[in-house]
Structures are given as C-alpha cells and as structure tokens.
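Bear in mind that the values here come from a model prediction, so they are computed numbers and not experimental data. These values consider heavy atoms only, across backbone and side chains, with no hydrogens, waters or symmetry-generated copies.
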Amino acid sequence: MHVRDAMSTVVLTIGPTHTLRQAARLMSARHVGAAVVLDPDTCGLGILTERDVLNSVALGQSPDTEIAGTHTTTDVVFASPAWTLEEAADAMAHGGFRHLIVMDGNEPTGIVSVRDIIRCWAPVRRAAAQQLAAQQLAV
C-alpha cells in the first residue's frame, strides 16, 4: 500500500497568525489532528499538531493569545503519495512525529498520520494472522 491509499485529503490550511484556539476549533470541526501552516511572508509550509496545542496549554500559555506561527514545526519531512506506508512509518519513527504532509509537486494534497497507517495495516495483518491460524489447524 502507498501513502495515497491511506492519506486524508482533508488538508486544513491556516496562517501563522491564527491563535491556537482558532486552530484547535478548525481542527476539531474537520476532525483532523494537524493543520498545514502556510506563511505567505516566507513562502514556507509548516505543521501545527494537536500535540503542539496541548503542550502550549500545559505550559500555562493562553490559547487565545498564542499564535500558530510560534508553535509550528517548520523543519518538516514531506511525503510523496507514491511512498509506501513502510517508508512513511519509517520516516515518522525516525523523526519522532505522527503526521506527514503529503506533497504532489508544490502543493499539499493530503496528510498521513500514524492512525491512517494503522487503519490500513490492521485488516491486512488480521487476514494474515487468520490465514496462518487456518494453516496451522490444517496440519
């Protein structure tokens, strides 16, 4: 399976001046755990995740005054839709993050998360385990 098979095509894009509360509301409304942060001044893409919002609140910072740009990860690893899920999982494990922005050319076309990968792998693994069990019973 490939990233294109697992990724969410709902890409929430926000600006760096959105407050964390605004970002959280938008992520919640769209049922996504990350937002692509597009900074028109730098022409760069970053990512703001639910964990970034949680960490800010845990530090006692106000989600009404803290802005996304302050909490955005800009050193982003981008995935290609053609990557295998193994490649995406390896990148996440190596980098210690749970979301990858999927780029097709210069445009973000999706986001793939650990949850997306597990959702795709679980039925395949379950079927393999059932097949193995059936083979063992037949012996």
Student: Using every non-hydrogen atom in the two residues, find where L48 and M27 come nearest and quote the distance to one decimal.
Tutor: O-SD, 3.9 Å

Student: Only one of T49, V77, T73 forms a side chain to side chain contact (heavy atoms under 4.5 Å, CB included) with F97, so which one is it?
Tutor: V77

Student: Which residue pairs pass the salt bridge (charged side-chain N to carboxylate O under 4.0 Å, His left out) test with at least one member in residues 56-80, sequence neighbours excluded?
Tutor: R21-D64

Student: Check the hydrophobic clustering (I, L, V, M, F, W, Y; side-chain heavy atoms under 4.5 Å; chains of links allowed) and say if V32 and I14 are grouped together.
Tutor: yes

Student: Where is the tightest heavy-atom contact between V76 and G46, given as atom of each residue plus distance?
Tutor: CG2-CA, 3.9 Å

Student: If I take atom CG from residue D104 and atom OG from residue S80, how far apart are they, to the nearest 0.5 angstrom?
Tutor: 7.0 Å

Student: Test of understanding: clusters of I, L, V, M, F, W, Y form through side-chain heavy atoms closer than 4.5 Å, transitively. Do V114 and V102 belong to the same one?
Tutor: yes

Student: Does V112 reach the side chain of I117, with side-chain heavy atoms less than 4.5 Å apart?
Tutor: yes

Student: Could you check T74, L38, N106 and say which one makes a side chain to side chain contact (heavy atoms under 4.5 Å, CB included) with L45?
Tutor: L38

Student: Below 4.5 Å, heavy atoms only, C-beta onward: do I111 and L100 meet side chain to side chain?
Tutor: no

Student: Does the pair R119 and D116 meet the rule for a side-chain contact (heavy atoms from CB on, under 4.5 Å), with working shown?
Tutor: CA-CA 5 Å; R119 187 189 74 243; D116 296 326; 3.0 Å; yes

Student: Do I47 and L54 share a hydrophobic cluster (ILVMFWY, side-chain heavy atoms under 4.5 Å, transitive)?
Tutor: no

Student: Once salt bridge (charged side-chain N to carboxylate O under 4.0 Å, His left out) is applied, what residue pairs with a partner in residues 106-115 remain, sequence neighbours excluded?
Tutor: none

Student: Which atoms form the tightest heavy-atom contact between V11 and V36, and what is the distance?
Tutor: CG1-CG2, 3.7 Å

Student: Check A34 against L12 and note the closest heavy-atom contact, atom names and distance.
Tutor: O-CB, 4.4 Å

Student: Quick one: do T65 and T19 satisfy side-chain contact (heavy atoms from CB on, under 4.5 Å)? Show the steps, please.
Tutor: CA-CA 6 Å; T65 57; T19 66; over 6 Å; no

Student: Say you draw a straight line from SG of C120 to CE of M1; how long is it, rounded to the nearest 0.5 Å?
Tutor: 4.5 Å

Student: Using salt bridge (charged side-chain N to carboxylate O under 4.0 Å, His left out) as the criterion, list what pairs up with D52, not counting sequence neighbours.
Tutor: none

Student: May I ask you to decide if E87's main-chain N or O and D90's side chain share a donor-acceptor pair within less than 3.5 Å?
Tutor: no

Student: Minimum heavy-atom separation for H2 to L85, with atom names?
Tutor: O-CD2, 3.5 Å

Student: In Å, rounded to the nearest 0.5 Å, how long is the span from OG of S8 to NE2 of H31?
Tutor: 11.5 Å

Student: Measure the spacing between OG1 of T17 and CG of D39 and express it to the nearest 0.5 Å.
Tutor: 9.0 Å

Student: Could you measure the distance from the CZ atom of R4 to the OG1 atom of T9? Nearest 0.5 Å is fine.
Tutor: 13.5 Å

Student: For a side-chain contact (heavy atoms from CB on, under 4.5 Å) check, start with the C-alpha distance between R98 and E50, then their side-chain angles and the critical distance, and finish with the verdict.
Tutor: CA-CA 10 Å; R98 299 178 298 165; E50 56 201 357; 3.9 Å; yes

Student: What is the distance from atom CH2 of W121 to atom CD of E86, rounded to the nearest 0.5 Å?
Tutor: 5.0 Å

Student: Provide the closest heavy-atom pair for H71 versus L20 in the form atom of the first, atom of the second, distance.
Tutor: CD2-CD1, 3.7 Å

Student: Yes or no on side-chain contact (heavy atoms from CB on, under 4.5 Å) for T109 and M7, after CA distance, side-chain angles and deciding distance?
Tutor: CA-CA 9 Å; T109 58; M7 71 183 193; 4.0 Å; yes

Student: Would you confirm whether H18, through its side chain, and G15, through its main-chain N or O, come within 3.5 Å as a donor-acceptor pair?
Tutor: yes

